[in-house]
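The structure appears right after this line, and notes come after that.
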2 protein chains.
Amino acid sequence: MRSRIEDVAAAAGVSMKTVSRVLNNEPNVRDEMRQRVMAAVEKLQYRPNLSARSLAGQRSYVVALVYNNPSRNYLMEIQSGMLDACRDHHYNLVLAPVGSPKQRKAEDLKVVFEHFAPDGVVLIPPLTDDPAVLEFLEQHEVPYASIAPKHPEGRIGVMMDETAAVLELMAGLVAQGHRRIAHIKGPPAHGACQWRYKGYRDALKKAGLEYDADLVVQGAFSFESGIAAGDALLDLKQPPTAIFAANDDMAAGVIRAACERGLAVPRDISVCGFDDTPIARHIYPALTTVRQPTSEMGKLATLQLLARIRTADAGSMVHVEHEVLFRESTQAPKGR
Amino acid sequence: MRSRIEDVAAAAGVSMKTVSRVLNNEPNVRDEMRQRVMAAVEKLQYRPNLSARSLAGQRSYVVALVYNNPSRNYLMEIQSGMLDACRDHHYNLVLAPVGSPKQRKAEDLKVVFEHFAPDGVVLIPPLTDDPAVLEFLEQHEVPYASIAPKHPEGRIGVMMDETAAVLELMAGLVAQGHRRIAHIKGPPAHGACQWRYKGYRDALKKAGLEYDADLVVQGAFSFESGIAAGDALLDLKQPPTAIFAANDDMAAGVIRAACERGLAVPRDISVCGFDDTPIARHIYPALTTVRQPTSEMGKLATLQLLARIRTADAGSMVHVEHEVLFRESTQAPKGR
DNA sequence: CTGTTAGCGCTTTCAC
DNA sequence: GTGAAAGCGCTAACAG
C-alpha cells in the first residue's frame with residue numbers, strides 16, 4: 001500500500017502537520033526538521049494523495065487548457081509545452097474544450113470547474129479574447145494566463161511580436177522585387193490576425209507601396225478558405241506576384257489553387273504563410289513562413305500561471321522571439 | 001457555495017446514502033425515491049465533488065490516455081474521440097505521455113497513477129504493444145483498452161482490418177495497370193505496419209505479381225524517411241510505377257523526392273499513403289489513401305474501457321470500417 | 001429497500 | 001516552532 005503522511009510523520013519522529021508544512025513549503029519549520037522529513041519522504045517514496053489534498057485544502061494542483069477550435073497542430077504544441085511545465089512543478093493538466101456541440105461556453109467551463117476545480121487556466125486563441133469566458137473566469141476569481149491575446153494590457157501570459165515578424169517577412173519579399181503583394185486575412189476573432197494585417201500595411205508603407213484593397217481578401221484559416229482566396233486573387237485583372245497568407249493552411253490552399261490552374265510556385269507566383277506548422281515543410285514547394293515557438297509558448301504561459309497561482313500579483317506578459325524562414329515557395333517575380 | 005450531497009438528501013427527504021445510491025446507479029432503490037432524488041439534484045444543480053468521491057470510494061472517474069510519440073494528428077483525433085465518450089459518461093480524461101525525456105515508461109506511468117489513480121487507460125500505438133507498459137498495467141490490475149494492437153487476442157479495444165484495406169487499395173492500383181508496385185514499410189514496433197505489409201504481399205499474390213525485395217524499403221513513418229525511401233526506389237534501375245507508403249507523411253516525402261528530381265505525380269509515378277491525415281488533402285496532388293475513423297476509434301475504445309471498468313468481464317475488441325479513397329496521386333502508368 | 005456510522009488522507013484551525 | 005483535534009464531501013460497511 002502507498003505510504004501516508006502519518007507514516008512519514010512517524011518515520012521522521014514529528015507530527016503530521018510538520019510534514020504537511022514541509023511539503024507545502026510553509027514557514028515556521030526548523031531546518032533540521034525539514035531535513036528529517038525530506039529524508040523520510042525519500043525513504044518511504046511518499047507521494048501525497050491528490051484527492052485528499054484538494055478535498056482538505058483549497059488547491060487542486062490542476063491547471064486547465066481551455067480552448068475552442070484552434071488548429072490541431074497548434075493545440076498539440078501548446079499542450080505539449082504545458083505538460084512539460086506541469087511535470088516540472090508537480091501540477092497536472094486537464095483539457096477543457098468548450099462550446100463544441102451546443103456553443104455553451106460558460107456551461108462547459110462550469111462542468112470542468114465542478115469536476116476538477118482547476119487552480120488556474122491557460123487560454124489560447126481564438127478563445128483568449130472571448131468575453132463569455134473571460135467574464136466567467138473573472139467572476140469566479142480564477143487566475144488565468146493568455147496566449148496571444150488581442151489586448152495584452154493587464155494580462156499575464158505570452159505573446160510574440162507578430163507585426164514585427166510580418167514586417168520582416170514582407171521586407172524579404174520586397175527585397176526579392178515584389179511590388180504587388182496580396183494578403184489573405186485570418187478570422188477577425190483571432191487576435192493575432194489584426195497584428196499580422198497591421199504588419200502587412202506597415203510594411204507596404206515602409207516600402208513606399210500603395211495599399212490596394214483588391215489585394216486583401218478575408219480567409220478563415222482553413223485550407224479551403226485558402227483555395228477560395230487564392231482563386232479570387234489569381235482571377236484579378238492584375239494579379240499579385242506574391243501572396244502572404246495569415247497562416248500555413250491557407251497558404252497551402254493558395255498553392256493548390258495555383259497548381260490547379262497550371263501555375264508553378266514560386267516561378268509564377270510566390271506564396272508565404274505563417275506559423276511553420278508541419279505542412280509548411282511537407283508540401284512542395286516548402287513554404288516560406290514565420291516560425292513561432294508554440295510549444296515553448298505553452299510552457300511559458302503555464303509558468304506565468306503557476307507563479308500567479310502561488311502569489312496573487314506574480315506573473316507577467318512575456319515575449320518570445322519569432323524566426324522568419326525563407327524557403328522554396330518565394331522567389332523574385334518573373335517579369336524582373 | 002456548491003450544494004453537497006447532504007443538501008440534496010434534505011431537499012428530497014431521504015438519507016445521504018440513498019442519494020449516493022441513485023447517483024451511482026446502484027440497485028435497491030424504489031423508483032419513487034429515485035425520482036425524488038433526481039428532482040432535488042436538478043433543482044439544486046448538484047454535482048458530486050470528484051475529490052471527495054475518489055477519496056472515499058475506489059473509483060476516480062478518470063481515464064488516462066497513455067502514449068509514447070505517435071503522429072500528432074493521430075493523437076489529436078484519438079484524444080478528441082475520447083473526450084466525447086468521457087463527456088457522455090461523466091468521466092474525465094488525463095494525458096499520460098510516457099518515456100518522453102528519459103525513457104522511463106513505467107516510472108512515468110507510476111507518477112500519473114499516484115496523482116490521478118485513473119480507473120483505466122487507453123493505449124495507442126506504438127505503445128499498445130509495449131511490454132513494460134503492459135506489465136505495469138497487469139501488475140497493478142488496471143483495466144485497459146488497446147487501439148490497433150499487434151496481438152488482439154484477449155484484449156479489449158478497437159481495431160480496423162488493415163490488411164483488407166491494403167488489399168483493396170492495391171487492387172485499385174493493379175486495376176489501373178500497375179505491375180511494379182513498391183512498398184515503404186512503417187516502423188516494426190508499430191503493430192499496424194505488419195498488417196499493412198501483409199496486405200501488400202497478399203495483394204501481390206492475389207494479382208499474380210511476383211514479390212521483389214528491391215521494391216520494399218523500410219521507413220520510419222516520418223516525412224524525412226519518406227524522402228529517403230522515395231529516393232532509393234526512384235534510383236532503382238527498374239523503378240516502380242507506383243509506391244504505396246505505410247502512412248501519409250511518408251507518401252508526402254515520396255512526392256517531395258519525385259518533385260525534386262523533376263518527376264510529376266501521378267504522371268510519372270503514382271503514390272499512395274495510409275491514414276487520411278489532413279496532409280493527404282492539403283498537398284498537391286491530393287493523396288490516394290485509406291481513411292480510418294481515428295476519432296471514432298478513440299471513442300469506441302473508451303466505451304469498451306468504461307464497460308470493463310463497470311463490469312470485470314465486459315467490453316470486447318470491436319472492429320471499425322475503413323474507406324479507400326482514390327484521389328489525384330494515382331493513375332494508370334505511362335507506358336500503357 | 002433504507003438509514004447510521006465511521007472513515008478515505010490531507011489541511012486547517014487553534015492551542016501550546 | 002510545533003502538535004492535537006476537527007473536518008473537507010463522499011462512500012463502505014453494517015444495521016435495521
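A, B, ... follow the sequence lines: proteins, then strands. Residue 1 opens every chain.
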Check this one for me: any side-chain N or O of [X] less than 4.0 Å away from OP1 or OP2 of [N]?
X: N24(B); N: dT11(D); result: yes
X: S20(A); N: dC10(C); result: no
X: R4(B); N: dC10(D); result: no
X: R30(A); N: dT2(D); result: yes
X: Y61(A); N: dT11(C); result: no
X: S15(A); N: dT2(D); result: no

Item to check | Approximate separation, where rounding is to 0.5 Å, of L65(A) CG and L305(A) CG | outcome: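 Output value for this atom pair is 11.0 Å.
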Between [options], which nucleotide has the shortest distance from any of its atoms to the side chain of [X]?
X: K17(B); options: dC10(C), dA13(D), dC10(D); answer: dA13(D)
X: N49(A); options: dA12(D), dG9(C), dT2(D); answer: dG9(C)
X: A52(B); options: dT11(C), dC10(D), dT2(D); answer: dC10(D)
X: V29(B); options: dT11(C), dT2(D), dT2(C); answer: dT2(C)

Checklist entry - G57(B) or R21(B): which one's nearest nucleotide on DNA chain D is closer to the 5' end? => result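 It is G57(B) whose nearest nucleotide is closer to the 5' end.
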Next on the checklist: Check this for me, if you would: do R4(A) and D7(A) make a salt bridge, where the nitrogen-to-carboxylate-oxygen distance has to be below 4.0 angstrom?
Outcome noted: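 Looking at R4(A) and D7(A), the cut-off is met.
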Round to the nearest Å and state the distance from [X] atom [atom1] to [N] atom [atom2].
X: L44(A); N: dG9(C); atom1: CG; atom2: P; result: 15 Å
X: R36(A); N: dG3(D); atom1: CZ; atom2: C1'; result: 14 Å
X: E6(B); N: dC10(D); atom1: CD; atom2: C1'; result: 11 Å
X: L55(B); N: dC8(D); atom1: CG; atom2: P; result: 13 Å

Using a 3.5 Å distance criterion without hydrogens, assess whether the side chain of [X] forms a donor-acceptor pair with backbone atoms of [Y].
X: S295(B); Y: S80(B); value: no
X: S20(B); Y: M16(B); value: no
X: D129(A); Y: P149(A); value: no

Next on the checklist: Categorize P48(B) for me: base, sugar-phosphate, or nothing, with a 4.0 angstrom heavy-atom threshold over every strand shown.
Outcome noted: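 Since only primed, P, OP1 and OP2 atoms lie under 4.0 Å of P48(B), the category is sugar-phosphate.
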Next on the checklist: Heavy atoms only, 4.0 Å cut-off, all strands: where does M16(A) land among base, sugar-phosphate and nothing?
Outcome noted: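 Base: the residue M16(A), judged by heavy atoms under 4.0 Å, touches a nucleobase.
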Item to check | Along DNA chain C (nearest heavy atom to each residue), the more 5'-positioned of L23(A) and N28(B) | outcome: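 This one resolves to N28(B).
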